[in-house]
Amino acid sequence: MSRYSAAEIEANWQAAWNKAGIFRAERSGDKPKYYVLEMFPYPSGRIHMGHVRNYTMGDVIARHKLLTGHNVLHPMGWDAFGMPAENAAMASGGHPKDWTYSNIADMRSQMKPLGLSIDWSREFATCDPEYYGQQQALFLDFLEKGLVYRKNAVVNWDPVDMTVLANEQVEQGRGWRSGALVERRELTQWFFKISDFSEELLSALDGLENWPAKVRLMQENWIGKSRGLQFSFDRTDGGGPIEVYTTRPDTLLGASFVGVSPDHPIAKALEADNPQIAEFAAECRKVGTTEEAIETAEKLGLDTGIRVKHPLNPEWELPVWIANFILMDYGTGAIFACPAHDQRDLDFCRKYDLPVIDTFFALEDPAPVVNDAFVPPKTDRVKWVNHFAGIDKATGQEAIDATIEFAEKAGWGQGVTNYRLRDWGLSRQRYWGCPIPVVHCETCGVVPEKKENLPIQLPDDVTFDLPGNPLDRHPTWRNCSCPSCGADALRETDTMDTFVDSSWYFARFTAPRSERPTEMAEAEYWMNVDQYIGGIEHAILHLLYSRFFARAMQITGHLPDKAIEPFDALFTQGMVTHEIYQNTVRKTAEGRTLYHYPEEVEWVNGACQAKETGDPVRVIPSAKMSKSKNNVVDPVAIIRQFGADTARWFVLSDSPPERDVEWTASGAEAAFKHLSRVHRIVTEICADESDDSSPDADEALLREMHKAIHDVTVGVESFGFNAAIARLYAFTNTLSKSGAGSAAKHQAAEALVLLMSPMTPHLSEELWSMLGREGLVAMAEWPVPDEKMLVDDTVTLPIQINGKRRAEISVPRDMEKAEVEKLALANHAVVRSLDGAQPKKIIVVPGRIVNVVI
RNA sequence: GCGGGCGUGAUGGAAUGGUAGACAUACCAGACUUAAAAUCUGGAGGCCGUAUGGCCGUGCGGGUUCAAGUCCCGCCGCCCGCACCA
């Protein structure tokens with residue numbers, strides 16, 4: 001009898017799929033389309049288990065949709081620009097392009113053995129000039145519509161590498177590569193006008209019903225809408241008024257001082273002729289804009305000497321301070337501080353000995369503020385001790401609304417809606433990215449490149465021996481003629497943030513070889529992505545940028561109206577984790593913690609120890625796979641050992657897809673054993689030519705088959721892959737123990753093989769053909785359960801006494817309630833419990849349960 | 001600080017308000033084997049009992065309900081996201 005040989009089976013069937021070309025997607029009118037997409041990978045060179053899990057989930061959906069008569073688009077590409085390629089070039093002297101394309105080739109060859117139903121004819125990398133040239137065309141169209149612009153902005157600047165760093169690339173205030181202290185620097189940079197879409201991006205979240213609530217909430221918080229009062233303080237020296245924004249105008253009577261950002265125009269003006277202020281501002285600027293830097297930074301302030309008048313009382317003067325915690329790009333870059341009701345303001349006032357106006361609202365009796373500010377929730381009703389705007393007792397929110405209304409009527413302020421979302425700075429002083437297609441001309445200024453000159457290609461002859469952007473020091477690449485006047489001019493040497501590349505690739509997949517960014521007919525047909533799958537780490541940046549891009553592409557005529565929310569459904573899958581084995585007595589030669597590889601440890605008398613030395617080993621459960629922790633499981637090795645179907649089966653089983661799944665050797669082995677078992681069972685069924693049948697056993701098996709069809713279908717269609725697999729295990733057990741005849745078993749085996757096929761496509765093809773079915777199981781028809789077979793004629797009803805199960809009875813499914821009641825009361829457990837008494841109540845839920853209340 | 005999520009056997013986890021622990025791992029026993037592996041069969045939440053059986057049981061404390069892992073209130077613990085955002 002043949003044994004299950006994954007290596008042989010998988011290669012054969014992949015060849016058969018390729019030959020039949022069944023995964024190639026073409027527009028067609030006679031089937032509903034379905035576009036399933038997994039977030040495309042960065043070509044690091046190695047696939048990891050997270051990729052396997054992500055793509056397997058997408059593949060299950062794609063294959064299931066194929067079987068249910070859909071025209072499926074399931075593409076794959078490479079998010080190929082970015083710093084690792086440049087860093088590799090700097091470290092080893094190669095070229096980012098060679099490094100990237102060779103990694104892509106490696107990863108593709110690791111990915112193909114997984115047997116994914118991908119249309120590889122649509123593959124592209126974002127570093128292909130054919131792709132980034134179209135991205136440059138998009139940029140020019142956005143520029144024309146005012147969706148991208150240039151402005152001066154404060155950024156993280158690495159003074160050693162001489163480049164801007166993203167916030168994520170700054171660790172503890174230092175550049176992650178150079179280790180240099182990051183500075184804040186003002187640079188003229190390109191920005192996408194995403195902030196124009198704040199309200200739209202926020203309100204449209206409500207329509208994304210098939211997105212995880214968590215992701216919608218994260219985006220909502222990120223956009224950060226707030227309602228407040230904007231008004232100005234007049235200066236006593238006759239200088240221009242200082243605009244401030246506050247979400248708590250109800251605390252205006254507790255104002256202690258007015259604060260401005262070190263980057264505020266007032267601070268800048270003072271800086272010019274006041275060395276003390278200039279020094280202070282420079283001090284503030286040294287601190288990066290990252291979370292770490294901000295959190296550890298001390299609150300610093302400096303009195304400007306300027307005084308302003310309180311809007312409600314011209315006699316009341318407030319000092320104006322420069323404070324390092326005030327952000328220029330939120331609100332107006334200036335605030336008023338109310339120490340009684342804001343902890344940060346209170347701390348600042350105590351530090352600099354500024355006046356603290358006593359509590360003027362309270363829940364009960366006002367208590368003087370000492371070291372803790374009094375901050376009642378906006379929904380609480382508070383008692384007003386000293387108030388304006390006619391407020392007496394109200395909730396905080398009512399007070400805010402009343403105050404805004406009061407200020408608007410009195411004419412000294414107005415209600416303003418603010419968003420936290422800032423424009424997206426896309427300029428990077430990097431080589432390995434999409435060149436920004438503009439030219440700097442001495443006479444014409446910043447001029448967009450002509451579309452016929454696209455793509456503006458990256459030059460190949462660059463070196464990475466010096467820090468900074470190689471494009472800046474390239475001898476000829478920068479030189480060009482002005483598209484407007486024809487005079488000698490210089491190219492922009494900044495490239496685009498790599499998030500730009502991934503913000504529209506999903507649209508490009510609908511027409512990957514087009515001479516334009518998209519083809520409307522194709523986009524109209526294939527968009528939107530029906531199911532998008534990826535990691536939660538992209539919940540904000542990538543998904544928000546893509547939503548902005550879809551809108552911008554709609555405005556510029558590259559996407560149809562219906563695609564402004566490009567992802568109909570989103571699923572965020574969990575990680576694949578693995579135990580870590582930490583040696584508790586020995587360190588590495590370098591004195592670091594010693595972590596063992598899984599194969600280096602063993603269990604002895606319930607304790608984990610190192611095989612070689614017998615050292616005790618601490619087992620840290622369920623940790624993210626990481627090279628430094630030696631707990632990475634290589635998919636290539638797993639596929640070699642067990643086959644792709646086993647890897648696919650395992651990553652889907654055990655844990656719900658949105659949760660982390662822990663990779664265990666025993667689990668992977670069990671998956672392999674199970675597939676081997678299915679192979680053996682089906683082989684035996686095929687070999688059984690006996691003409692037996694047993695009506696009862698046949699019927700029982702076929703009923704189970706229909707139930708399995710139902711449950712697995714529900715599981716696959718609702719991301720319940722683990723439940724679907726559990727159901728398939730159970731059905732396999734049923735089949736192997738069934739006393740049914742060979743014909744019924746054959747029929748059940750066909751169903752089993754077909755139901756497994758989205759998860760284990762190769763094994764299913766093999767068994768499908770072994771069972772004598774013509775054609776590919778990948779192109780078969782997904783089974784539909786017979787509703788009549790899903791309900792049994794007799795059901796087992798649990799009998800509860802006072803809500804606790806005490807017995808069960810077997811009754812015909814449609815038995816009358818009264819009959820069921822009678823049977824229940826005759827039950828020995830009920831009789832015993834009643835002990836002659838009458839039950840208070842009997843609840844009969846037909847087909848479900850009986851509860852006798854005593 | 002603000003926002004969100006999760007607590008179920010040794011483990012991963014099942015369970016439209018209706019038999020808690022499906023399915024799997026690990027474990028135990030048995031069959032086959034000279035032996036092991038593989039395979040097959042069976043067992044298993046805890047406590048008491050030879051057993052029929054009984055009591056307890058989904059982080060803790062209350063509540064709603066004939067019935068609560070599931071709904072409500074209050075704690076405790078863990079995880080995640082955001083955060084000098086005025």
Side-chain angles (χ1 to χ4, degrees), chain A residues 3 212-222 224-226 228-229 244-249 251 259 261 291 293-295 297-299 323-327 329-338 342-345 347-348 375 377 418-422 536-537 539-540 577 603 606 621-622 650 653-656 658-671 673-674 676-677 680 711 720 722-733 736-737 796-808 829 832 839-845 847-854:
Chain A
R3 287 199 49 193
K214 184 190 169 99
V215 173
R216 292 189 315 205
L217 190 68
M218 280 164 75
Q219 293 214 353
E220 185 183 326
N221 291 339
W222 187 264
K225 182 177 183 173
S226 70
L229 181 71
V244 300
Y245 170 76
T246 177
T247 56
R248 292 308 296 253
T251 65
S261 163
E291 191 177 322
I294 286 162
E295 201 154 317
E298 209 186 334
K299 289 178 188 29
N324 65 343
F325 62 82
I326 301 168
L327 306 172
D329 48 7
Y330 186 78
T332 62
I335 61 161
F336 80 83
C338 175
D342 183 290
Q343 191 61 45
R344 187 196 52 205
D345 293 347
D347 294 344
F348 191 87
V375 190
N418 243 307
Y419 300 89
R420 214 182 62 110
L421 183 64
R422 302 172 203 175
I536 186 77
E537 67 273 19
I540 294 171
T577 63
W603 289 86
S622 203
F650 180 73
S653 62
D654 279 3
S655 285
E658 70 276 12
R659 246 186 269 182
D660 291 351
V661 63
E662 179 157 325
W663 184 277
T664 61
S666 56
E669 201 148 321
K673 281 181 189 175
H674 177 71
S676 304
R677 182 167 173 246
R680 194 174 56 244
D711 294 351
N722 57 325
I725 283 184
R727 196 63 186 78
L728 286 165
Y729 269 109
F731 182 50
T732 306
N733 291 342
S736 85
K737 284 175 195 161
T796 305
L797 286 188
I799 296 182
Q800 294 183 334
I801 296 169
N802 290 336
K804 292 203 183 288
R805 188 180 71 93
R806 283 297 124 96
E808 51 187 38
R832 193 173 51 215
K840 282 190 189 138
K841 200 173 183 180
I842 301 178
I843 286 111
V844 178
V845 183
R848 287 233 91 125
I849 206 163
V850 180
N851 191 8
V852 181
V853 185
I854 293 175

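Within every chain, numbering begins at 1; the chains are lettered A, B, ... in the order of the sequence lines, protein sequences first and strands thereafter.
Backbone-only engagement by A:Asn733 is indicated by non-hydrogen atom pairs under 4.0 Å involving sugar-phosphate atoms exclusively. Using a 4.0 Å heavy-atom distance criterion, A:Glu662 is classed as making no nucleic acid contact. Nucleic acid contact class of A:Ala723 (heavy atoms, under 4.0 Å, all strands): none. Among the heavy atoms of the strands lying under 4.0 Å from A:Arg677 are primed sugar atoms or P, OP1, OP2 only; no base atom is included. Residue contacts for A:Ile326: at a heavy-atom cut-off of 4.0 Å it reaches a base atom on one of the strands shown. As judged by a 4.0 angstrom heavy-atom cut-off over every strand, A:Lys840 is placed among residues making no nucleic acid contact. Residue contacts for A:Ser653: at a heavy-atom cut-off of 4.0 Å it reaches no nucleic acid atom on any strand shown. In this structure, A:Tyr729 reaches the sugar-phosphate backbone alone: every heavy-atom distance under 4.0 Å involves primed, P, OP1 or OP2 atoms, never a base. When heavy atoms are screened at a 4.0 angstrom cut-off, A:Val845 is found touching base atoms of the nucleic acid. Across all strands, A:Ile843 comes closer than 4.0 Å to base atoms (heavy-atom distances).
Considering only side-chain atoms of A:Ile849, the nucleotide from B:G18, B:U39, B:C80 that sits closest is B:G18. Comparing B:C85, B:G13, B:U25 by their closest approach to the side chain of A:Ala670 singles out B:U25. Side-chain atoms of A:Thr246 lie closest to B:A86 of the nucleotides B:C85, B:A86, B:U19. Counting only heavy atoms from C-beta on, A:Arg806 has its side chain closest to B:C55 among B:A86, B:A83, B:C55. Taking only side-chain atoms of A:Gln800, from C-beta outward, the nucleotide of B:A67, B:C85, B:G3 with the closest atom is B:A67. In the set B:U25, B:C66, B:U19, B:U19 carries the atom at the smallest distance from any side-chain atom of A:Pro798. Of all nucleotides listed (B:U41, B:C82, B:A86), B:U41 comes nearest to the side chain of A:Lys737. Proximity note for A:Arg659 (side chain, C-beta onward) versus B:U25, B:A14, B:C85: the nearest is B:A14. Distance from the side chain of A:Ser655 is smallest for B:G12 among the nucleotides B:G12, B:U39, B:C23. Distance from the side chain of A:Arg420 is smallest for B:A83 among the nucleotides B:C84, B:A83, B:A14.
B:A24 sits 35 Å from B:C72 when the C1' atoms are compared, rounded to a whole Å. As rounded to the nearest Å, B:U58 and B:U11 have P atoms that lie 16 Å from one another. With both ends at atom P, the span from B:U65 to B:C76 equals 28 Å, rounded to whole Å. When the P atom is compared between B:A67 and B:C78, the two are found 35 Å apart, to the nearest whole Å. B:G9 and B:C82 have their C1' atoms separated by 37 Å, given to the nearest Å. Nucleotides B:C28 and B:U34 have their P atoms positioned 24 Å apart, rounded to a whole Å. Taking atom P on both nucleotides, B:G5 is separated from B:C85 by 24 Å, rounded to a whole Å.
Partner assigned to B:U34 is none, using Watson-Crick or G-U wobble distances below 3.5 angstrom. Pairing partner, B:G53: B:C48, with both Watson-Crick or wobble hydrogen-bond distances short of 3.5 Å. With both pairing distances under 3.5 Å, B:C75 is matched to B:G59 as a Watson-Crick or G-U wobble pair. Summarising the base pairing, B:G1 is matched to B:C82 through a Watson-Crick or G-U wobble pair whose two defining distances lie under 3.5 Å.
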Practice task
Step by step, work out the side-chain contact (heavy atoms from CB on, under 4.5 Å) result for A:Thr577 and A:Val661.
Solution key: CA-CA 6 Å; A:Thr577 63; A:Val661 63; over 6 Å; no
Handout entry: Full working for side-chain contact (heavy atoms from CB on, under 4.5 Å) between A:Ile849 and A:Leu797
Key = CA-CA 5 Å; A:Ile849 206 163; A:Leu797 286 188; 5.9 Å; no
Exercise for the section: Kindly indicate, with the supporting measurements, whether the criterion side-chain contact (heavy atoms from CB on, under 4.5 Å) is fulfilled by A:Lys214 and A:Ile536. Expected result: CA-CA 9 Å; A:Lys214 184 190 169 99; A:Ile536 186 77; 4.0 Å; yes
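The side chain of A:Tyr330 contributes an N or O atom lying less than 4.0 Å from OP1 or OP2 of B:A86. OP1 or OP2 of B:A22 has not a single side-chain nitrogen or oxygen of A:Asn722 nearer than 4.0 Å. Applying the 4.0 Å criterion to OP1 and OP2 of B:G4, one finds that A:Arg216 has every side-chain N and O outside that range. Contact annotation: A:Arg727 does not reach the phosphate of B:A14 (side-chain N/O to OP1 or OP2, under 4.0 Å).
A straight line from CG of A:Leu728 to C1' of B:C23 spans 11 Å, rounded to a whole angstrom. With rounding to whole Å, A:Lys214 atom NZ is found 13 Å from B:C79 atom P. Going from atom CD1 of A:Ile335 over to atom P of B:C85 covers 9 Å, rounded to whole Å. As a whole-Å value, the separation of A:Arg805 CZ from B:G53 C1' is 13 Å. When the C1' atom of B:C2 is taken as reference, atom NZ of A:Lys225 falls 19 Å away, rounded to whole Å.
Using a 4.5 Å heavy-atom threshold, the side chains of A:Ile335 and A:Tyr245 count as separate.
In summary, the side chains of A:Asn733 and A:Arg677 do present a donor paired with an acceptor at a separation below 3.5 Å, with no hydrogens or angles considered. Between the side chains of A:Ser226 and A:Arg420, no donor-acceptor pair is found at a separation under 3.5 Å.
Looking at A:Lys841, its side chain has no donor and acceptor atom pair within 3.5 Å of the base of B:C66. For A:Asn221 and B:C82, a side-chain-to-base donor-acceptor distance below 3.5 Å is absent, hydrogens and geometry of angles not being considered.
For the pair A:Phe325 and A:Asn851, nearest-nucleotide mapping onto RNA chain B gives the more 5' position to A:Asn851. Map A:Ile540 and A:Val661 each onto its nearest nucleotide of RNA chain B; the residue landing nearer the 5' end is A:Val661.
Tested against A:Arg727, the residues A:Asp711, A:Asn722, A:Thr732 include a single side-chain hydrogen bond (donor to acceptor under 3.5 Å, both in side chains) partner, A:Asp711.
Nucleotide B:G17 carries an anti base; the chi torsion (O4'-C1'-N9-C4 or O4'-C1'-N1-C2) is more than 90° from 0.
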